[in-house]
Asks: 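Got a structure here, written out as structure tokens. Questions coming.
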Amino acid sequence: MLGLVAEACHPSDINAQIAILEKYRRSRFDILSRTDEVLQIRILGSLDVKDILNLRKVSKGYRYITQNDSLWKMLCRQLEWRDWEGEAGLNHLENIPEGGWEELYKDLWKRERNWNTGMAQKVFLLKGHTNYVTSLRLRGDVLISGSYDETIRIWHLPPLLTLTPSSIPQPLVIPAKSVSCLDYYPPEDVFVAGYHDIGRVQVWKKKGEEWLLLNTLSGHLHGIRAVALNEDYLVSAGADKALVIWSWRTGEKIVRFGQQTNICVGIQLINDYIVSVTVDGIIRTFSIRKRGMLAQFKISDLGRTLGGGTNEKEWKLKLKDVGGGLGGIGMINWFEGQGKWMTCVTRERIIRLAWDETEEVIPLAIPTTRPSSPATPSPAKGRIRTVSSASRALPMASTPTKTPNHLRQRTTSGSTPTLGIKRSTPSLTSTAMSPSWSSPASKLANLTSPAKAMARSLSGTATPSPLRTKGITNLDRSSSPITQSSSPRKSVMSSRRTSLASGTPVPEEEERKPKEGRKRIIPLLTKAPKILELIHAPDVEKGAIDARRTRVVTSTRFAARSGADRQLYVGVPGQSNQNRQGGRTDMIPVSGAWRDKSEVLNLQTPGKNPMCLVLDREKFVYGCTDGSIVVVGFLGHDYVAETHHEVE
């Protein structure tokens, strides 16, 4: 070709033509190969995985670039990042050997495929409770379960790839009353339990390797239906139709809201705002700092704000019975809120909603005080200090109030009171009750992460006696964690919440980092939420949802009658254009290992009727009426859907 070009050129143009051809030859080297590794990873990270794999067919250079560990590590993080509060974290992705990130991505991709086809890969039981398992909380590898057998159990679940029933340590058992609800806040190592038969909640906090009973709070006339916990506040919803807000650090009752017209099925705590949903389909929002209700919305009325399209007209018809309907079929069964997303569920509908967002300036905080001596006063010295005028219920708001540009609010901030319990070897044979529980197996060297340290096993067969019905017995601060003290002057906790009104400010070194003056994004709770999706779900009894991934798992009621539909369902992306536009999620039965082992483990029997359900990125867990806990995992490739047998 060069010869033909040279013959066709004038002798004076040959050098110019050679220069042009040399320029074209040099330009054959692509831009991607000329960049450094960091920029290559950023460019490839913006591509779809299929495009990255197709690049390998172009050249050996591209094949080398697309095998970079840093690239696949970034893709694994993108696939795993679904946390809206960071509770699960990415610590499990830090111990991957060199060259193993691409294989890990394959496993994670198969896990997502298993979720989207309902193919469970592992099923096993956790046994220990002897009555209904009514509440579960799953954060990372820590599973907290509460039951009507008057115990709370803290389980440690190893990674799902290596998870077997024999690899699970014995749970840490904490005596309690009949537990109806739980919540857990991992950053502070604190959880709260609400009781079914008495109107009080208990707050437990981890100190070192021990769980200490921090507060026992009484503020309801009947049992507790729901609790929510965050950095500053604890909210409890009782069967008396009231919401009570506490400072879980000090035990102080801040305000009581009594505006609910019916029993609350769930609450969400967003900074210092509260969202509550009652069984009659009414959403109410509250401000803790303003000590009042912001707005209320009836779910059945939200359909009026929809457009006139085909899907919108269908949604209006389906929403009109929410909160009532023939035979109560439209009553709200359960509610779950995550960030700006909400999910309200009836027997036949899963209603996904979302708030608009706004920006506000965090107002000044008021420092918390605590007693100088002793750390916790005697029960006889004080009672709950209530706020008389500010705690009164405000009138029901039929329309949302105007959104303020800058909210003038106040908050309670402080640090955890000092609980100076000396470390000593616990006596597992003691039958006395203790406010702190620790595990001798907690010193295992292979359990190093902070999340794993929460679920230490309790060795031995002896179990401490349950809590006394009259309250918690005072303990000596210098005694063994499993022994009882008769000295009331050095008590760590009392049967009734005591006053912390008199005291000194918390030292500056113990206060949390100041946040005043910063801006934050919060849901706009004075404006009606938007309906994102209506999902048809058959005979929903219990369920759980991951709002960020739009992943939902539901169960029917495992009734004893002949022919009852005893199934678990998982939400998958819709397969038709109609589903993508109007209802992007279809509910399909869970199959794979769950169906394969149902006869062996008696999974589809009335005794395994789900009472509560939680999920994370690789599994869902549900508690049963017979006291067992079923773990269903989706990581693996032993079971493959028929449509995915071909190599992808």
Side-chain angles (χ1 to χ4, degrees), residues 118 132 134-136 180-181 225-226 237 239 260-267 276-283 297-303 311 314-337 341-353 529 531-547 550-572 574 579 582-590 604-606 608-615 620 622-625:
Y132 293 174
T134 55
S135 185
L136 294 170
S180 60
C181 50
R225 296 298 299 267
Q260 286 66 239
T261 57
N262 217 317
I263 295 177
C264 183
V265 295
I267 49 180
S276 73
V277 178
T278 51
V279 294
D280 53 358
I282 297 179
I283 302 172
F297 312 97
K298 198 170 183 179
I299 298 178
S300 58
D301 293 339
L302 297 180
N311 293 324
E314 182 181 354
W315 286 4
K316 290 179 182 179
L317 293 175
K318 293 178 178 178
L319 286 173
K320 69 177 184 179
D321 290 333
V322 173
L326 183 62
I329 197 171
M331 303 294 282
I332 302 297
N333 278 355
W334 56 273
F335 159 81
E336 190 164 339
W341 295 282
M342 291 190 304
T343 304
C344 301
V345 184
T346 68
R347 298 283 294 183
E348 295 183 343
R349 301 278 181 266
I350 299 175
I351 308 166
R352 295 185 55 242
L353 307 104
I531 299 177
L532 300 180
E533 184 178 7
L534 261 65
I535 306 171
H536 174 70
D539 194 23
V540 177
E541 182 70 17
K542 298 293 181 181
I545 189 168
D546 179 353
T550 320
R551 176 167 295 155
V552 60
V553 178
T554 65
S555 74
T556 62
R557 184 172 180 266
F558 289 16
R561 69 179 184 274
S562 177
D565 181 25
R566 306 184 188 110
Q567 288 286 353
L568 299 174
Y569 291 89
V570 60
V572 300
N579 283 336
R584 299 184 299 271
T585 304
D586 293 334
M587 302 300 294
I588 63 173
V590 176
Q604 291 179 291
T605 60
K608 291 296 187 292
N609 179 51
M611 300 293 296
C612 53
L613 202 152
V614 292
L615 64 87
F620 66 83
Y622 63 93
C624 306
T625 56

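In this text, all values refer to a predicted model and were calculated from it rather than measured experimentally.
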Asks: To the nearest 0.5 Å, how far apart are CZ in Arg349 and CD1 in Ile299?
Replies: 13.5 Å

Asks: How about Leu319 and Ile351: do any of their side-chain heavy atoms sit closer than 4.5 Å?
Replies: yes

Asks: Taking the side chain as C-beta and beyond, is there a heavy-atom pair between Pro610 and Leu568 under 4.5 Å?
Replies: yes

Asks: Just by modelled atom types, is the Gln567 backbone N or O under 3.5 Å from a matching donor or acceptor in the Thr556 side chain?
Replies: yes

Asks: May I ask you to check whether over 12 heavy atoms, not counting those of Arg225, lie within 6.0 Å of atom CZ?
Replies: no

Asks: Which pair of non-hydrogen atoms, one from Ile263 and one from Ala239, has the smallest distance, and what is that distance?
Replies: CG1-O, 4.3 Å

Asks: Can you check whether Ile332 reaches Thr346 side chain to side chain, under 4.5 Å on heavy atoms?
Replies: yes

Asks: What distance do Tyr569 atom OH and Ser555 atom OG have between them, rounded to the nearest 0.5 Å?
Replies: 10.5 Å

Asks: Nearest heavy-atom pair of Ser180 and Ser135: which atoms, and what distance?
Replies: O-CB, 4.1 Å

Asks: Should the heavy atoms of other residues, nucleotides or ligands under 6.0 Å from NZ of Lys298 be counted, would the total exceed 12?
Replies: no

Asks: Could you check whether any side-chain heavy atom of Leu136 comes within less than 4.5 Å of a side-chain heavy atom of Leu613, counting everything from C-beta outward?
Replies: no

Asks: Starting at CZ of Arg347, measure out to CG of Asn333 and round the result to the nearest 0.5 Å.
Replies: 6.0 Å

Asks: Flag the pair Leu302 / Pro529 as yes when at least one side-chain heavy-atom distance between them is below 4.5 Å, and no otherwise.
Replies: yes

Asks: What heavy-atom pair brings Phe335 and Gly266 nearest, and what distance separates the two atoms?
Replies: CD2-C, 3.6 Å

Asks: Does Met587 reach the side chain of Val540, with side-chain heavy atoms less than 4.5 Å apart?
Replies: no

Asks: Please assess Thr261 against Asp280 for the test side-chain contact (heavy atoms from CB on, under 4.5 Å), listing each intermediate value before the final yes or no.
Replies: CA-CA 8 Å; Thr261 57; Asp280 53 358; 3.1 Å; yes

Asks: For atom CZ of Phe558, decide whether the heavy atoms of other residues, nucleotides or ligands shown that lie under 6.0 angstrom number more than 12.
Replies: yes

Asks: Using every non-hydrogen atom in the two residues, find where Cys624 and Met611 come nearest and quote the distance to one decimal.
Replies: C-CG, 3.9 Å

Asks: Atom OG1 in Thr625, atom NZ in Lys608: separation rounded to 0.5 Å?
Replies: 8.0 Å

Asks: Distance check, rounded to the nearest 0.5 Å: Asn609 atom CG versus Tyr622 atom OH?
Replies: 9.5 Å

Asks: Are any non-hydrogen side-chain atoms of Ser276 and Ile267 less than 4.5 angstrom apart?
Replies: yes

Asks: Determine whether Ile545 and Arg352 make a side-chain contact, defined as any pair of heavy atoms from C-beta on separated by less than 4.5 Å.
Replies: yes

Asks: So, taking the atom named CD in Glu336 and the one named CD1 in Ile350, what distance separates them when rounded to the nearest 0.5 Å?
Replies: 11.0 Å

